[in-house]
Enquirer: 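Sharing a structure below in C-alpha coordinates format, with a few things to ask.
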2 protein chains.
Amino acid sequence: MAEAYYQRLTDRLRDALLLEHSSWVDADGKLPAERILAQRFKTTRVTLRQALAQLEGEGRIHRSNRRGWFVSPLRLEYDPTRDAGFNDYVTAQGRLPRTEVLSLATSPHAPAANALGLSVNHPFYHIRRRRYVDERAVLVESLWVVPERAPGLLEERFEFSLWKLLREQWHLSLSHRSISMVSEALQGTDASELGVASGTAGLNICRTIFDDAHLPVEYDEEHWLHDALSIRVELKGTH
Amino acid sequence: MAEAYYQRLTDRLRDALLLEHSSWVDADGKLPAERILAQRFKTTRVTLRQALAQLEGEGRIHRSNRRGWFVSPLRLEYDPTRDAGFNDYVTAQGRLPRTEVLSLATSPHAPAANALGLSVNHPFYHIRRRRYVDERAVLVESLWVVPERAPGLLEERFEFSLWKLLREQWHLSLSHRSISMVSEALQGTDASELGVASGTAGLNICRTIFDDAHLPVEYDEEHWLHDALSIRVELKGTH
DNA sequence: TAGTGGTCTAGACCACTCT
DNA sequence: GAGTGGTCTAGACCACTAC
(Lines give C-alpha, C1' and ligand atoms only; values in the text may rest on other atoms or scores of the structure.)
Protein backbone atom coordinates (compact mmCIF):
# COMPACT_ATOMS: atom_id res chain seq x y z
CA MET A 1 0.00 0.00 0.00
CA ALA A 2 1.58 3.28 -1.10
CA GLU A 3 -0.34 5.30 1.46
CA ALA A 4 -3.95 5.46 2.47
CA TYR A 5 -5.96 8.32 1.07
CA TYR A 6 -6.91 9.54 4.51
CA GLN A 7 -3.22 9.73 5.41
CA ARG A 8 -2.51 12.05 2.51
CA LEU A 9 -5.64 13.96 3.41
CA THR A 10 -4.34 14.31 6.97
CA ASP A 11 -1.07 15.71 5.66
CA ARG A 12 -2.81 18.20 3.39
CA LEU A 13 -5.12 19.38 6.14
CA ARG A 14 -2.21 19.67 8.57
CA ASP A 15 -0.25 21.77 6.11
CA ALA A 16 -3.25 23.97 5.52
CA LEU A 17 -3.69 24.50 9.25
CA LEU A 18 -0.04 25.38 9.76
CA LEU A 19 -0.31 27.93 6.98
CA GLU A 20 -1.40 30.67 9.37
CA HIS A 21 -4.91 29.25 9.34
CA SER A 22 -5.09 30.36 5.74
CA SER A 23 -8.51 30.31 4.17
CA TRP A 24 -9.67 27.01 5.69
CA VAL A 25 -10.40 28.41 9.04
CA ASP A 26 -12.65 31.27 10.09
CA ALA A 27 -11.90 33.94 12.67
CA ASP A 28 -12.95 31.72 15.59
CA GLY A 29 -10.62 28.93 14.49
CA LYS A 30 -13.55 26.91 13.19
CA LEU A 31 -13.04 24.56 10.26
CA PRO A 32 -15.59 24.29 7.45
CA ALA A 33 -18.39 21.74 7.80
CA GLU A 34 -17.49 18.11 7.29
CA ARG A 35 -19.72 17.83 4.22
CA ILE A 36 -18.00 20.83 2.67
CA LEU A 37 -14.54 19.45 3.36
CA ALA A 38 -15.48 16.00 2.09
CA GLN A 39 -16.74 17.51 -1.12
CA ARG A 40 -13.69 19.72 -1.50
CA PHE A 41 -11.36 16.73 -1.14
CA LYS A 42 -13.55 14.47 -3.25
CA THR A 43 -14.13 11.87 -0.60
CA THR A 44 -16.82 10.75 1.82
CA ARG A 45 -17.51 12.01 5.30
CA VAL A 46 -16.31 8.74 6.81
CA THR A 47 -12.87 9.04 5.24
CA LEU A 48 -12.66 12.73 5.98
CA ARG A 49 -13.50 12.05 9.61
CA GLN A 50 -10.65 9.54 9.78
CA ALA A 51 -8.26 12.31 8.80
CA LEU A 52 -9.83 14.74 11.28
CA ALA A 53 -9.60 12.12 14.03
CA GLN A 54 -5.91 11.71 13.30
CA LEU A 55 -5.32 15.46 13.63
CA GLU A 56 -7.37 15.37 16.83
CA GLY A 57 -5.00 12.69 18.15
CA GLU A 58 -2.07 14.92 17.30
CA GLY A 59 -3.69 17.65 19.35
CA ARG A 60 -4.00 20.07 16.44
CA ILE A 61 -7.78 20.28 16.28
CA HIS A 62 -10.66 19.39 18.57
CA ARG A 63 -14.42 19.36 18.48
CA SER A 64 -16.86 21.02 20.76
CA ASN A 65 -20.28 19.48 21.33
CA ARG A 66 -21.93 19.32 17.96
CA ARG A 67 -20.63 22.70 17.00
CA GLY A 68 -17.80 21.60 14.77
CA TRP A 69 -14.05 21.29 14.55
CA PHE A 70 -11.73 23.97 15.86
CA VAL A 71 -8.02 24.62 15.74
CA SER A 72 -6.56 23.78 19.14
CA PRO A 73 -4.70 26.57 20.96
CA LEU A 74 -1.16 26.14 22.28
CA ARG A 75 -0.81 23.61 25.05
CA LEU A 76 -0.62 24.94 28.56
CA GLU A 77 2.59 24.07 30.36
CA TYR A 78 1.81 22.47 33.66
CA ASP A 79 4.03 21.18 36.44
CA PRO A 80 1.95 18.94 38.69
CA THR A 81 4.75 18.77 41.25
CA ARG A 82 4.59 22.49 41.96
CA ASP A 83 1.82 23.87 44.08
CA ALA A 84 1.42 27.08 42.15
CA GLY A 85 -2.26 27.83 41.73
CA PHE A 86 -4.00 27.31 38.41
CA ASN A 87 -4.74 31.01 38.12
CA ASP A 88 -1.09 31.85 38.67
CA TYR A 89 0.51 29.64 36.08
CA VAL A 90 -2.16 30.22 33.47
CA THR A 91 -1.76 33.97 33.86
CA ALA A 92 2.03 33.62 33.81
CA GLN A 93 1.72 32.09 30.35
CA GLY A 94 -0.29 35.01 29.08
CA ARG A 95 -3.57 33.13 29.10
CA LEU A 96 -6.88 33.85 30.80
CA PRO A 97 -7.90 31.47 33.60
CA ARG A 98 -11.38 30.97 34.98
CA THR A 99 -12.75 28.54 37.57
CA GLU A 100 -16.34 27.43 38.15
CA VAL A 101 -17.39 25.59 41.27
CA LEU A 102 -19.76 22.85 40.16
CA SER A 103 -20.66 21.38 43.52
CA LEU A 104 -19.84 21.27 47.21
CA ALA A 105 -20.78 18.40 49.46
CA THR A 106 -19.81 16.28 52.41
CA SER A 107 -19.85 12.57 51.72
CA PRO A 108 -17.73 9.41 51.74
CA HIS A 109 -15.76 8.38 48.67
CA ALA A 110 -14.14 5.00 48.45
CA PRO A 111 -11.19 5.78 46.14
CA ALA A 112 -10.18 8.78 48.25
CA ALA A 113 -10.51 6.79 51.46
CA ASN A 114 -8.49 4.04 49.91
CA ALA A 115 -5.70 6.29 48.72
CA LEU A 116 -5.48 8.11 52.06
CA GLY A 117 -5.71 4.98 54.19
CA LEU A 118 -9.04 5.84 55.83
CA SER A 119 -12.10 3.67 56.29
CA VAL A 120 -14.47 3.61 53.31
CA ASN A 121 -17.19 5.34 55.31
CA HIS A 122 -15.02 8.26 56.26
CA PRO A 123 -16.69 11.52 55.11
CA PHE A 124 -14.86 14.09 52.96
CA TYR A 125 -15.40 17.63 51.91
CA HIS A 126 -15.99 17.16 48.21
CA ILE A 127 -15.32 20.07 45.88
CA ARG A 128 -15.91 19.79 42.16
CA ARG A 129 -14.64 22.46 39.80
CA ARG A 130 -14.37 23.19 36.10
CA ARG A 131 -11.46 25.24 34.86
CA TYR A 132 -11.08 27.27 31.69
CA VAL A 133 -8.18 28.64 29.71
CA ASP A 134 -9.16 31.50 27.40
CA GLU A 135 -12.79 30.47 27.93
CA ARG A 136 -12.20 26.91 26.74
CA ALA A 137 -13.08 24.32 29.40
CA VAL A 138 -9.89 22.27 29.69
CA LEU A 139 -10.38 20.25 32.86
CA VAL A 140 -12.81 19.14 35.53
CA GLU A 141 -11.56 18.10 38.92
CA SER A 142 -12.80 16.63 42.16
CA LEU A 143 -11.07 17.28 45.45
CA TRP A 144 -11.72 15.29 48.59
CA VAL A 145 -10.39 16.95 51.73
CA VAL A 146 -10.21 15.24 55.11
CA PRO A 147 -12.56 17.35 57.31
CA GLU A 148 -10.43 16.93 60.43
CA ARG A 149 -7.58 18.75 58.70
CA ALA A 150 -9.62 21.80 57.71
CA PRO A 151 -12.83 22.16 59.74
CA GLY A 152 -15.35 24.50 58.18
CA LEU A 153 -13.56 24.50 54.82
CA LEU A 154 -16.78 24.46 52.82
CA GLU A 155 -17.61 27.98 54.03
CA GLU A 156 -14.77 29.28 51.85
CA ARG A 157 -14.72 30.26 48.20
CA PHE A 158 -13.11 27.89 45.74
CA GLU A 159 -12.53 30.01 42.67
CA PHE A 160 -8.90 30.22 43.68
CA SER A 161 -6.17 27.93 44.95
CA LEU A 162 -7.32 25.28 47.42
CA TRP A 163 -3.75 24.56 48.47
CA LYS A 164 -3.14 28.21 49.27
CA LEU A 165 -6.26 28.12 51.44
CA LEU A 166 -5.08 25.00 53.26
CA ARG A 167 -1.63 26.45 53.83
CA GLU A 168 -2.66 29.93 54.86
CA GLN A 169 -5.94 29.43 56.69
CA TRP A 170 -5.33 26.02 58.22
CA HIS A 171 -1.52 26.15 58.35
CA LEU A 172 -1.22 22.75 56.75
CA SER A 173 1.95 21.51 55.15
CA LEU A 174 1.49 19.51 51.97
CA SER A 175 4.78 17.72 52.11
CA HIS A 176 4.17 14.16 50.94
CA ARG A 177 2.62 14.02 47.54
CA SER A 178 2.10 11.07 45.30
CA ILE A 179 1.09 11.96 41.75
CA SER A 180 -0.04 9.60 39.05
CA MET A 181 -0.89 10.32 35.43
CA VAL A 182 -2.57 8.04 32.93
CA SER A 183 -4.20 8.58 29.59
CA GLU A 184 -7.92 7.95 29.58
CA ALA A 185 -11.05 8.22 27.46
CA LEU A 186 -13.32 10.92 28.85
CA GLN A 187 -16.79 9.59 29.55
CA GLY A 188 -20.04 10.27 31.31
CA THR A 189 -20.10 13.30 33.57
CA ASP A 190 -16.52 14.27 32.83
CA ALA A 191 -17.11 14.35 29.08
CA SER A 192 -20.41 16.20 29.25
CA GLU A 193 -19.13 18.78 31.73
CA LEU A 194 -16.27 19.47 29.33
CA GLY A 195 -18.63 19.61 26.38
CA VAL A 196 -16.88 16.87 24.44
CA ALA A 197 -18.02 13.57 22.96
CA SER A 198 -17.79 10.51 25.12
CA GLY A 199 -14.55 8.74 24.32
CA THR A 200 -12.52 11.88 23.70
CA ALA A 201 -8.89 11.41 24.69
CA GLY A 202 -8.01 12.81 28.07
CA LEU A 203 -5.39 12.75 30.75
CA ASN A 204 -6.15 11.76 34.32
CA ILE A 205 -3.99 13.20 37.09
CA CYS A 206 -4.43 11.97 40.67
CA ARG A 207 -2.76 13.30 43.76
CA THR A 208 -2.62 11.91 47.27
CA ILE A 209 -1.38 14.33 49.87
CA PHE A 210 -0.16 13.89 53.44
CA ASP A 211 1.18 16.56 55.75
CA ASP A 212 4.60 16.47 57.43
CA ALA A 213 3.17 14.43 60.32
CA HIS A 214 2.06 11.88 57.69
CA LEU A 215 -1.59 12.67 58.35
CA PRO A 216 -3.88 12.37 55.32
CA VAL A 217 -4.91 15.76 53.94
CA GLU A 218 -6.41 15.51 50.52
CA TYR A 219 -7.01 13.37 47.43
CA ASP A 220 -7.87 14.80 44.05
CA GLU A 221 -8.51 13.77 40.47
CA GLU A 222 -8.12 16.04 37.46
CA HIS A 223 -9.52 15.15 34.05
CA TRP A 224 -7.84 17.16 31.29
CA LEU A 225 -8.45 17.36 27.59
CA HIS A 226 -5.39 15.62 26.20
CA ASP A 227 -4.48 18.42 23.82
CA ALA A 228 -4.75 21.18 26.40
CA LEU A 229 -1.57 20.53 28.32
CA SER A 230 2.07 19.71 28.20
CA ILE A 231 3.46 18.39 31.44
CA ARG A 232 6.82 19.79 32.43
CA VAL A 233 8.87 18.86 35.46
CA GLU A 234 12.14 20.48 36.44
CA LEU A 235 14.53 18.61 38.70
CA LYS A 236 17.61 19.98 40.38
CA GLY A 237 18.31 17.07 42.66
CA THR A 238 21.67 15.34 42.80
CA HIS A 239 21.38 11.68 41.95
CA MET B 1 -30.71 10.42 22.48
CA ALA B 2 -31.03 7.62 25.01
CA GLU B 3 -27.61 6.25 24.20
CA ALA B 4 -25.81 5.33 21.04
CA TYR B 5 -25.71 1.67 20.17
CA TYR B 6 -21.95 1.63 20.04
CA GLN B 7 -21.88 3.01 23.58
CA ARG B 8 -23.94 0.12 24.89
CA LEU B 9 -21.80 -2.19 22.81
CA THR B 10 -18.71 -0.70 24.43
CA ASP B 11 -20.17 -1.34 27.87
CA ARG B 12 -21.06 -4.94 27.05
CA LEU B 13 -17.64 -5.65 25.61
CA ARG B 14 -15.95 -3.99 28.59
CA ASP B 15 -17.96 -6.11 31.00
CA ALA B 16 -17.12 -9.24 29.05
CA LEU B 17 -13.42 -8.39 29.16
CA LEU B 18 -13.47 -7.76 32.90
CA LEU B 19 -15.15 -11.12 33.40
CA GLU B 20 -11.83 -12.95 33.67
CA HIS B 21 -11.49 -12.88 29.89
CA SER B 22 -14.47 -15.24 29.82
CA SER B 23 -15.16 -16.93 26.54
CA TRP B 24 -14.62 -13.90 24.33
CA VAL B 25 -10.89 -14.04 24.50
CA ASP B 26 -8.51 -16.84 23.61
CA ALA B 27 -5.44 -17.92 25.56
CA ASP B 28 -3.22 -15.24 24.00
CA GLY B 29 -5.66 -12.51 24.95
CA LYS B 30 -6.87 -12.20 21.38
CA LEU B 31 -10.43 -11.12 20.68
CA PRO B 32 -12.55 -12.80 18.00
CA ALA B 33 -12.43 -11.39 14.46
CA GLU B 34 -14.29 -8.15 13.85
CA ARG B 35 -16.70 -9.80 11.46
CA ILE B 36 -17.55 -12.43 14.05
CA LEU B 37 -18.11 -9.85 16.76
CA ALA B 38 -20.19 -7.64 14.46
CA GLN B 39 -22.38 -10.61 13.60
CA ARG B 40 -22.68 -11.66 17.22
CA PHE B 41 -23.82 -8.18 18.25
CA LYS B 42 -26.03 -7.76 15.19
CA THR B 43 -24.32 -4.70 13.87
CA THR B 44 -21.87 -3.66 11.17
CA ARG B 45 -18.10 -3.66 11.33
CA VAL B 46 -18.04 0.15 11.30
CA THR B 47 -20.14 0.41 14.43
CA LEU B 48 -18.29 -2.42 16.11
CA ARG B 49 -14.99 -0.71 15.38
CA GLN B 50 -16.29 2.44 17.05
CA ALA B 51 -16.81 0.45 20.21
CA LEU B 52 -13.39 -1.20 19.92
CA ALA B 53 -11.76 2.19 19.35
CA GLN B 54 -13.38 3.46 22.52
CA LEU B 55 -11.99 0.55 24.53
CA GLU B 56 -8.63 1.20 22.89
CA GLY B 57 -8.80 4.79 24.13
CA GLU B 58 -9.51 3.49 27.61
CA GLY B 59 -6.36 1.40 27.36
CA ARG B 60 -8.19 -1.92 27.75
CA ILE B 61 -7.43 -3.40 24.34
CA HIS B 62 -4.98 -2.69 21.57
CA ARG B 63 -4.23 -3.94 18.09
CA SER B 64 -1.05 -5.30 16.71
CA ASN B 65 -0.27 -4.87 13.03
CA ARG B 66 -3.07 -6.55 11.16
CA ARG B 67 -3.16 -9.42 13.56
CA GLY B 68 -6.20 -8.40 15.53
CA TRP B 69 -7.32 -6.99 18.85
CA PHE B 70 -5.75 -8.04 22.12
CA VAL B 71 -6.47 -7.42 25.77
CA SER B 72 -3.93 -4.91 27.08
CA PRO B 73 -1.78 -6.02 30.02
CA LEU B 74 -1.50 -3.99 33.21
CA ARG B 75 0.12 -0.62 32.81
CA LEU B 76 3.73 -0.36 33.81
CA GLU B 77 4.39 2.15 36.57
CA TYR B 78 7.08 4.55 35.54
CA ASP B 79 8.71 7.42 37.36
CA PRO B 80 10.53 9.56 34.79
CA THR B 81 12.19 11.61 37.54
CA ARG B 82 14.07 8.61 38.90
CA ASP B 83 17.09 7.36 37.09
CA ALA B 84 16.46 3.70 37.77
CA GLY B 85 17.16 1.70 34.64
CA PHE B 86 14.34 0.29 32.53
CA ASN B 87 15.43 -3.26 33.25
CA ASP B 88 15.37 -2.57 36.98
CA TYR B 89 11.90 -1.15 37.34
CA VAL B 90 10.31 -3.53 34.88
CA THR B 91 11.78 -6.49 36.74
CA ALA B 92 10.76 -4.98 40.07
CA GLN B 93 7.15 -5.09 38.87
CA GLY B 94 7.39 -8.75 38.03
CA ARG B 95 7.56 -8.18 34.30
CA LEU B 96 10.09 -9.24 31.69
CA PRO B 97 12.15 -6.42 30.10
CA ARG B 98 14.05 -6.56 26.85
CA THR B 99 15.95 -3.93 24.90
CA GLU B 100 16.93 -3.90 21.24
CA VAL B 101 19.46 -1.45 19.86
CA LEU B 102 18.09 -0.27 16.52
CA SER B 103 20.90 2.00 15.43
CA LEU B 104 24.07 3.78 16.50
CA ALA B 105 25.42 6.83 14.73
CA THR B 106 27.25 10.12 15.09
CA SER B 107 25.41 13.04 13.56
CA PRO B 108 23.94 16.46 14.27
CA HIS B 109 20.34 16.80 15.41
CA ALA B 110 18.67 20.17 15.58
CA PRO B 111 16.12 19.55 18.38
CA ALA B 112 18.81 18.09 20.65
CA ALA B 113 21.19 20.95 19.89
CA ASN B 114 18.40 23.39 20.53
CA ALA B 115 17.40 21.87 23.85
CA LEU B 116 21.00 21.68 25.05
CA GLY B 117 22.00 25.12 23.85
CA LEU B 118 24.55 23.92 21.27
CA SER B 119 24.96 24.98 17.67
CA VAL B 120 22.74 23.13 15.21
CA ASN B 121 25.77 21.52 13.55
CA HIS B 122 27.09 20.05 16.76
CA PRO B 123 27.46 16.27 16.37
CA PHE B 124 25.91 13.81 18.84
CA TYR B 125 26.21 10.17 19.60
CA HIS B 126 22.78 8.97 18.54
CA ILE B 127 21.42 5.76 20.05
CA ARG B 128 18.04 4.38 19.04
CA ARG B 129 16.46 1.56 21.01
CA ARG B 130 13.24 -0.40 21.20
CA ARG B 131 12.09 -1.70 24.57
CA TYR B 132 9.76 -4.56 25.39
CA VAL B 133 7.72 -5.57 28.40
CA ASP B 134 6.74 -9.23 28.40
CA GLU B 135 7.72 -9.32 24.72
CA ARG B 136 5.35 -6.52 23.77
CA ALA B 137 7.15 -3.54 22.22
CA VAL B 138 6.03 -0.61 24.37
CA LEU B 139 8.40 2.20 23.43
CA VAL B 140 11.05 3.39 21.03
CA GLU B 141 13.54 6.01 22.09
CA SER B 142 16.32 8.11 20.69
CA LEU B 143 19.15 9.40 22.85
CA TRP B 144 21.57 12.11 21.77
CA VAL B 145 24.67 12.31 23.92
CA VAL B 146 27.19 15.15 23.75
CA PRO B 147 30.43 13.39 22.61
CA GLU B 148 32.69 15.66 24.69
CA ARG B 149 31.04 14.32 27.86
CA ALA B 150 31.57 10.66 27.06
CA PRO B 151 34.28 10.10 24.45
CA GLY B 152 34.18 6.66 22.90
CA LEU B 153 30.69 5.95 24.23
CA LEU B 154 29.57 4.16 21.08
CA GLU B 155 32.00 1.33 21.80
CA GLU B 156 29.78 0.27 24.68
CA ARG B 157 26.73 -1.95 24.75
CA PHE B 158 23.33 -0.34 25.11
CA GLU B 159 21.06 -3.16 26.14
CA PHE B 160 21.21 -1.77 29.66
CA SER B 161 21.04 1.58 31.39
CA LEU B 162 22.71 4.43 29.56
CA TRP B 163 22.63 6.61 32.66
CA LYS B 164 24.39 3.98 34.68
CA LEU B 165 27.08 3.87 32.01
CA LEU B 166 27.46 7.64 32.05
CA ARG B 167 27.68 7.74 35.83
CA GLU B 168 29.98 4.79 36.33
CA GLN B 169 32.26 4.85 33.27
CA TRP B 170 32.41 8.60 32.69
CA HIS B 171 31.70 9.77 36.22
CA LEU B 172 29.07 12.20 35.06
CA SER B 173 26.47 13.66 37.35
CA LEU B 174 23.02 14.05 35.85
CA SER B 175 21.80 16.71 38.19
CA HIS B 176 19.72 19.14 36.14
CA ARG B 177 16.90 17.43 34.36
CA SER B 178 14.00 18.96 32.52
CA ILE B 179 11.27 16.51 31.60
CA SER B 180 8.27 17.13 29.39
CA MET B 181 5.39 14.84 28.56
CA VAL B 182 2.73 15.29 25.90
CA SER B 183 0.19 13.03 24.30
CA GLU B 184 0.83 12.35 20.65
CA ALA B 185 -0.33 10.28 17.69
CA LEU B 186 2.34 7.75 16.79
CA GLN B 187 3.35 8.04 13.15
CA GLY B 188 5.93 7.07 10.59
CA THR B 189 9.01 5.32 11.90
CA ASP B 190 7.81 5.36 15.51
CA ALA B 191 4.53 3.64 14.64
CA SER B 192 6.04 1.05 12.35
CA GLU B 193 8.87 0.18 14.73
CA LEU B 194 6.23 -0.40 17.40
CA GLY B 195 4.11 -2.43 15.03
CA VAL B 196 1.03 -0.25 15.41
CA ALA B 197 -1.14 1.66 12.96
CA SER B 198 -0.20 5.22 12.19
CA GLY B 199 -2.25 7.49 14.40
CA THR B 200 -2.25 5.21 17.41
CA ALA B 201 -2.33 7.16 20.66
CA GLY B 202 1.05 7.55 22.30
CA LEU B 203 2.90 9.50 24.93
CA ASN B 204 6.02 11.47 24.18
CA ILE B 205 8.54 11.99 26.97
CA CYS B 206 11.54 14.28 26.43
CA ARG B 207 14.43 14.87 28.77
CA THR B 208 17.16 17.47 28.69
CA ILE B 209 20.06 16.79 31.01
CA PHE B 210 22.92 18.93 32.29
CA ASP B 211 25.60 17.95 34.79
CA ASP B 212 26.32 19.78 38.03
CA ALA B 213 28.65 22.17 36.21
CA HIS B 214 25.67 23.02 33.96
CA LEU B 215 27.35 21.41 30.98
CA PRO B 216 25.01 19.76 28.47
CA VAL B 217 25.07 15.96 28.70
CA GLU B 218 22.17 14.39 26.91
CA TYR B 219 18.80 14.85 25.25
CA ASP B 220 16.34 12.04 24.68
CA GLU B 221 12.87 11.34 23.37
CA GLU B 222 10.74 8.34 24.30
CA HIS B 223 7.65 7.33 22.37
CA TRP B 224 5.38 5.08 24.43
CA LEU B 225 2.17 3.28 23.61
CA HIS B 226 -0.37 5.25 25.61
CA ASP B 227 -1.86 2.20 27.32
CA ALA B 228 1.48 0.73 28.38
CA LEU B 229 2.31 3.05 31.21
CA SER B 230 1.10 4.91 34.23
CA ILE B 231 3.34 7.75 35.29
CA ARG B 232 3.93 8.01 38.99
CA VAL B 233 5.95 10.65 40.81
CA GLU B 234 6.63 10.66 44.53
CA LEU B 235 7.54 13.93 46.21
CA LYS B 236 8.82 14.40 49.71
CA GLY B 237 9.78 18.04 49.43
CA THR B 238 8.60 20.65 51.94
CA HIS B 239 6.57 23.35 50.28
C1' DT C 1 -4.75 -19.83 0.16
C1' DA C 2 -8.07 -18.36 3.45
C1' DG C 3 -9.05 -15.09 6.67
C1' DT C 4 -8.16 -10.76 8.83
C1' DG C 5 -7.85 -5.94 9.63
C1' DG C 6 -7.42 -1.44 6.96
C1' DT C 7 -9.64 1.40 3.98
C1' DC C 8 -13.38 3.29 1.34
C1' DT C 9 -18.10 4.23 -0.87
C1' DA C 10 -22.76 6.26 -1.00
C1' DG C 11 -26.03 6.76 1.05
C1' DA C 12 -29.49 7.49 5.55
C1' DC C 13 -31.80 9.38 9.93
C1' DC C 14 -31.53 11.76 14.30
C1' DA C 15 -30.36 15.18 17.94
C1' DC C 16 -28.60 19.19 18.59
C1' DT C 17 -26.91 24.14 17.70
C1' DC C 18 -27.44 28.38 15.67
C1' DT C 19 -30.00 32.13 13.93
C1' DG D 1 -36.14 25.77 10.29
C1' DA D 2 -31.70 25.02 8.26
C1' DG D 3 -27.52 23.14 8.92
C1' DT D 4 -24.28 20.41 11.51
C1' DG D 5 -22.09 16.68 13.72
C1' DG D 6 -23.16 11.91 15.61
C1' DT D 7 -24.50 7.58 14.39
C1' DC D 8 -25.49 3.73 11.44
C1' DT D 9 -26.20 0.53 7.31
C1' DA D 10 -24.63 -2.76 3.78
C1' DG D 11 -21.87 -3.47 1.14
C1' DA D 12 -16.73 -3.53 -1.40
C1' DC D 13 -11.60 -4.22 -2.43
C1' DC D 14 -6.86 -4.51 -0.87
C1' DA D 15 -2.65 -5.75 1.79
C1' DC D 16 -1.08 -8.42 4.97
C1' DT D 17 -0.81 -12.45 8.39
C1' DA D 18 -1.17 -17.09 9.56
C1' DC D 19 -1.47 -21.63 8.07
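Naming: A, B, ... by sequence-line order, numbering from 1 per chain.
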Enquirer: Provide, to the nearest angstrom, the distance between the CZ atom belonging to B:R49 and the P atom belonging to D:dG6.
Expert: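 It is 19 Å, rounded to the nearest whole Å.
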Enquirer: In whole Å, what is the span from the CG atom of A:L48 to the C1' atom of C:dA10?
Expert: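 Distance, rounded to whole Å: 15 Å.
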Enquirer: If you measure from the Lys or Arg side-chain nitrogens to the Asp or Glu carboxylate oxygens, is any gap between B:E100 and B:R131 under 4.0 Å?
Expert: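 Between B:R131 and B:E100 there is no salt bridge, as every charged N stays at least 4.0 Å from the carboxylate O atoms.
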Enquirer: Could you check whether the side chain of B:R67 and the base of C:dG5 have a donor-acceptor pair of N or O atoms closer than 3.5 Å, going by distance alone?
Expert: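 For B:R67, whose side chain was compared with the base of C:dG5, there is no donor-acceptor pair (under 3.5 Å).
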Enquirer: Report the distance from atom NZ of B:K30 to atom P of C:dT4, rounded to the nearest whole Å.
Expert: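 After rounding, the gap between these two atoms is 8 Å.
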Enquirer: With the threshold set at 4.0 Å, does a side-chain nitrogen-carboxylate oxygen contact exist between B:D220 and B:R129?
Expert: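 No.
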Enquirer: Mind checking whether A:W224 and A:F86 have parallel, tilted or perpendicular rings, split at 30° and 60°?
Expert: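 Tilted: the ring planes of A:W224 and A:F86 meet at 30° to 60°.
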Enquirer: State whether A:R66 places a side-chain N or O below 4.0 Å from either non-bridging phosphate oxygen (OP1 or OP2) of C:dC18.
Expert: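 For A:R66, the contact criterion (side-chain N or O under 4.0 Å from OP1 or OP2 of C:dC18) is not met.
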Enquirer: Could you state the CZ-P distance from B:R35 to D:dC14, rounded to the nearest angstrom?
Expert: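 To the nearest whole Å, that distance equals 14 Å.
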Enquirer: Provide, to the nearest angstrom, the distance between the CG atom belonging to B:L37 and the P atom belonging to C:dT4.
Expert: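 Those two atoms, CG and P, are 11 Å apart.
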Enquirer: Give a yes/no answer on whether the side chain of A:T43 brings an N or O atom under 4.0 Å of OP1 or OP2 in C:dC8.
Expert: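 No, outside the criterion.
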Enquirer: Test for a donor-acceptor pair under 3.5 Å between the base of D:dG6 and the side chain of A:R45, counting only N and O atoms.
Expert: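 Answer is yes: a donor-acceptor pair is held.
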Enquirer: Select one nucleotide: of C:dT9, D:dG5, C:dT7, the one nearest the side-chain heavy atoms of A:T47.
Expert: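 Shortest atom-to-atom distance from the side chain points to C:dT9.
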Enquirer: Which residue in the set A:R63, A:R49, A:R14 passes salt bridge (charged side-chain N to carboxylate O under 4.0 Å, His left out) when paired with A:E56?
Expert: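 The option that passes is A:R63.
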Enquirer: Take atom CZ of B:F70 and atom C1' of C:dT4, then tell me their distance rounded to the nearest Å.
Expert: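 It works out to 11 Å between those atoms.
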Enquirer: Nearest-Å distance, OH (B:Y5) to P (D:dA10)?
Expert: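 Going from B:Y5 (OH) to D:dA10 (P), I get 12 Å.
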Enquirer: Nearest nucleotide by nearest heavy atom, which residue falls closer to the 5' end of DNA chain C, B:A197 or A:K42?
Expert: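 Residue closer to the 5' terminus by nearest nucleotide: B:A197.
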Enquirer: Taking atom P of D:dA15 as reference, at what distance in whole Å does atom CD of A:Q7 sit?
Expert: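 Answer to the nearest Å: 16 Å.
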